[in-house]
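Numbered from 1 within each chain, the chains take letters A, B, ... in sequence-line order.
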Protein chains: 2
Amino acid sequence: MRDGKVAGSSAADVGEPQGESDFGAGAVLGLERCAGVEADPSGAPCPFVTAQQLLQGKWSILVLHHLADGPLRFNQLRRRLPQLTAATLTSQLRYLEGHGMVRRQIFPEVPPRVEYSLTDLGESFKPVLDQIQAWGARYLERRQSAEADDGRG
Amino acid sequence: MRDGKVAGSSAADVGEPQGESDFGAGAVLGLERCAGVEADPSGAPCPFVTAQQLLQGKWSILVLHHLADGPLRFNQLRRRLPQLTAATLTSQLRYLEGHGMVRRQIFPEVPPRVEYSLTDLGESFKPVLDQIQAWGARYLERRQSAEADDGRG
DNA sequence: CAGAATCCGTGAAGATACTG
DNA sequence: CAGTATCTTCACGGATTCTG
């Protein structure tokens, strides 16, 4: 659904760069019961399912990563993710915003300006990004080794 | 493609629970150039793109998480992920195996038995899972707070 | 500059039935 | 038990067009 019409729901539409009311918009991840994870039979939702739903997308990690460097404007993000079209970027941004990961600040200037930044919850995602980067590097190293050792049947 | 016919390609088909040749099967993530990430203009592939491609799926994280607890048989995994059909699980497993994350050991016993476990590379993913869990928990906490504070518009 | 609306292609995931 | 094969669906993401 995140692709359809949302029509300016949250308070970020008023036109002032406030910084609160990031969360609690009602749009939360569809937290299933972890599909039977044994780690927490108390009935609590599974963090992994939660994370999976957020990271499911093709760009979520990338967007969050770029935003982790600091606030960015719409087209700045586009520049960093050339393969991402405006429509998709908007969807991703709205999705992340709806989940309290990203904050949207509108500056009512003459040239319209909108800045995206990580919320507190989004900031808390940084360690994940950090580990992901570390793992990715390891993966790439392994790949190098595999290439160097390629053809040894 | 990971959904189509693979017809026993890797060496894990021979019938003995060996433990090498996990990697280097040739099937590696399509490492793009990070879509213009400024963090590494040297031309190296982006770890985030790599990770994103692996985590793209709907179940990858869950499967890896369960496997992180220790080796599991096919139906053990199915039991832990009831919503996952056999076909999809097979695809996921093959996908992860092809990327060197998961090892498949076939025990040529009378009741057919196959065990899945994390490879060394898969083990190296554990920190990511750990951080994901930590973040997920934080997200859920935030959600609780938001619910408790709901309606304050 | 920033975003909305719409249509469309792809492919991952699900259901079902069959195999060894 | 541990898959495999096929069909179908549908959400994701892309291209295009239009607005303020």
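In the helix from C:dC1-D:dG20 to C:dG20-D:dC1, the rotation axis of the first five pairs and that of the last five pairs differ in direction by 50°, rounded to 10 degrees.
At a threshold of 4.0 angstrom between heavy atoms, the contacts of A:Thr88 include nucleobase atoms, whether or not backbone atoms are also involved. Residue contacts shown for A:Leu84 are limited to sugar-phosphate atoms, with no base heavy atom under 4.0 Å away. Heavy atoms of A:Pro112 sit under 4.0 angstrom from at least one base atom. Residue contacts for B:Arg73: at a heavy-atom cut-off of 4.0 Å it reaches the sugar-phosphate backbone alone, with no base atom in range.
For the pair A:Thr50 (side chain) and B:Gly136 (backbone), a donor-acceptor distance under 3.5 Å is absent. Checked by atom type and distance alone, the side chain of B:Glu97 never pairs as donor or acceptor with a backbone atom of B:Arg103 at under 3.5 Å. Side-chain atoms of B:Ser60 do not come within 3.5 Å of backbone N or O of B:Gln56 as any donor-acceptor pair. A donor-acceptor pair under 3.5 Å links the side-chain atoms of A:Gln52 to the main chain of B:Gly57, judged by distance alone.
Heavy-atom minimum distance, B:Tyr95 versus B:Gln53: OH-O, 3.1 Å. When all heavy atoms of B:Leu121 and A:Trp135 are compared, the closest pair comes out as O-NE1, 3.6 Å.
Salt-bridge formation is not detected for the pair A:Arg138/A:Glu141: no Lys NZ or Arg NE/NH1/NH2 atom is positioned less than 4.0 Å from an Asp or Glu carboxylate oxygen.
Atom-to-atom, CD1 of B:Ile61 to P of C:dA13 comes out at 12 Å; the value is rounded to the nearest Å. If you take CD of A:Glu97 and P of C:dG3, they are 9 Å apart, rounded to a whole angstrom. Remark: P of D:dA2 and CD1 of B:Ile106 are 11 Å apart, rounded to the nearest angstrom. Atom CG of B:Asn75 and atom P of D:dG3 are 9 Å apart (whole Å). If you take CZ of A:Phe74 and P of C:dG3, they are 6 Å apart, rounded to a whole angstrom.
Between D:dG3 and B:Tyr116, a contact under 4.0 Å exists linking OP1 or OP2 to a side-chain N or O. Contact annotation: B:Arg94 reaches the phosphate of D:dT4 (side-chain N/O to OP1 or OP2, under 4.0 Å).
When the nucleotides D:dG3, C:dA5, D:dA2 are ranked by their closest atom to the side chain of B:Ala86, D:dG3 comes out on top.
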